[in-house]
Amino acid sequence: MTQAFSKLIVDKALLQTLDNLNYTEMTPIQQNAIPLIFNGDDLIAKAETGSGKTAAFGIGIVDLIDSAKFDIQAMVICPTRELAEQVAAEIRRLAAYKPNTKVLTLYGGTPLTPQRISMEKGVHIVVGTPGRIQDHIGKGTIILEHVKMVVLDEADRMLDMGFKDDIEKIISNVPKKRQTLLFSATFPDTIKTLSQNIQINARHISMENTHDENTIEEHFIALKNSSKEELLMGLLSANRGKSTLIFCNTKITCDEVSDDLSYNGFSARELHGGLDQKDRNQVLLMFANKSITVLVATDLAARGLDIDNVELIINYDFPMQNELYTHRIGRTGRAGKSGMALSIVSARDMHNFNELNETLGHEAVLEPSERFTAGKSKNNRAPYRTLMIFAGKKKKLRKGDIMGTLCGECNLESDQIGKIDVSDQFSYVAIENNAVD
């Protein structure tokens, strides 16, 4: 049974901030973790992406921070740049009631010097990747002697990526008297060992299957009488207009599938580690504002990325591990919404399919492709296109300014204007296709 945040939190300013963010009732992970975090306990929590874990530890961090002292007081370590950006954005929203709380992201692909200058001016919370935090430690440009809380987000993924030594070196530079929170989607032995090395009497929480299995309709489609490319076209045409996330096992396949879909009239883009940060951010933004309806991704997008309202998951390449299947389909059917997951199964996928079938908890049956496909559609374009404006928050530009100009001077109706995003330097606005010109 869910509880209101007011059952645990007494700070009226924090409660008002949560209310402004439409956070009224706690998710299971928040309900179980927040009391332990407030109590100062070390915590090891099993929780999936989308469970509300970021808000759980974010609330704990913000409550702990003394914004009058410009020292790094909390540090969150994440496996990827994308997750670090998302965690930092969430913490900034939660910290709205504490003026001048400074949150800094540290990750590769960006210059060290601006990050160093920001830290010299004073930062309260650092959110970063292991490699870049270790770079700053090696250069003596980060001071961690005042850190009171360390959070490892998606710790199992960081260990899979080979960051164990970096994590332990970073932790060795933080005061021993601290609170350490470890969040992981799985609990392999390596996580247990890491916990023993960096935590003291850690309390354990396990949140299994945070999404309702009934909200995800799963189908496994036998690849027999057509090519994989033809089958994919048929699946997308039958589900035209749905926000779709297609998973491939390699970057090369992602590029090939994305190019093929674009050539055939679909609004599709690829997302993988070969893109630079700016391109990744823009692809995610366009997918969120419906300028792209099909996102073709590697498992980079399966965990950590905050992609909402995905209606359809297609496993173009069958996942190599059972856990990957769970993470992939968990991108849909979230927050009580329904979703569908379609997995293409070729003859050479049968071994992995049979292994998955043993662990699912319900029987997976191969179904004929004809049930799920339709002929090619002439119009597979996204309903919106994104326009970029070369001005943002630093030019005092606001969403209301953009909306007012489009309606007042460009004679657009408000329902022709979609999502508006304003960053420091740029702004992005989704416009209905028939009004873009």
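Below, all heavy atoms of this structure are taken into account, side chains as well, without hydrogens, waters or symmetry copies.
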Search all heavy atoms of Tyr316 against all heavy atoms of Cys248 and return the closest pair with its distance. CD2-SG, 4.0 Å
As an exercise, state the distance from CG of Asp42 to CG of Leu182, rounded to the nearest 0.5 Å. 9.5 Å
Looking at Ser267 and Ala382, what are the two nearest heavy atoms and their distance? OG-N, 2.7 Å
Under a 3.5 Å threshold, yes or no: a donor from one side chain and an acceptor from the other, between Glu358 and Asn354? no
Under 6.0 Å between ring centres: does that hold for Phe426 and Phe390? yes
What orientation do Phe183 and Phe57 show, parallel under 30°, tilted 30 to 60°, or perpendicular over 60°? tilted
Could you go through the side chain to side chain donor-acceptor pair (under 3.5 Å) check for Thr250 and Thr253 one step at a time? CA-CA 5 Å; Thr250 68; Thr253 307; 2.8 Å; yes
Apply side chain to side chain donor-acceptor pair (under 3.5 Å) to residues Ser195 and Gln199 and explain how you reach the verdict. CA-CA 5 Å; Ser195 172; Gln199 294 182 299; 2.6 Å; yes
Go through the steps for Lys164 and Glu168 under the test salt bridge (charged side-chain N to carboxylate O under 4.0 Å, His left out), then give the verdict. CA-CA 6 Å; Lys164 178 178 179 294; Glu168 292 185 343; 3.2 Å; yes
Pair Ile344-Asn315, side-chain contact (heavy atoms from CB on, under 4.5 Å): steps then yes or no: CA-CA 6 Å; Ile344 299 174; Asn315 286 313; over 6 Å; no
Under the side chain to side chain donor-acceptor pair (under 3.5 Å) criterion, do His327 and Glu323 qualify, and how do the steps go? CA-CA 6 Å; His327 292 313; Glu323 288 176 356; 5.1 Å; no
Between Asp153 and Lys53, which heavy-atom pair has the shortest distance, and what is it? OD1-NZ, 2.7 Å
Is there a donor-acceptor contact under 3.5 Å from the side chain of Ser427 to the main chain of Ile389? no
Flag if over 12 foreign heavy atoms under 6.0 Å of NZ, Lys228: yes
Could I get the full list of side chain to side chain contact (heavy atoms under 4.5 Å, CB included) partners for Gln425, not counting sequence neighbours? Lys394
Which of these passes side chain to side chain contact (heavy atoms under 4.5 Å, CB included) with Tyr23: Thr17, Leu94, Leu15? Leu94
Is the gap between the ring centers of Tyr325 and Phe220 under 6.0 Å? yes
Arg385 CZ: over 12 foreign heavy atoms closer than 6.0 Å: no
Quick one: is the NZ or CZ of Lys192 closer than 6.0 Å to the six-membered ring centre of Phe187, and within 45° of its axis? no
Which pairs with one or both residues in residues 248-270 pass salt bridge (charged side-chain N to carboxylate O under 4.0 Å, His left out), sequence neighbours excluded? none
Side chains of Leu295 and Ile246, heavy atoms from C-beta outward: is any pair under 4.5 Å? no
Decide yes or no on side chain to side chain donor-acceptor pair (under 3.5 Å) for Gln134 and His136, but give the supporting numbers first. CA-CA 5 Å; Gln134 183 66 7; His136 280 289; over 6 Å; no
Quick one: closest heavy-atom pair of Ser226 and Glu230, and the distance? CB-OE1, 3.5 Å
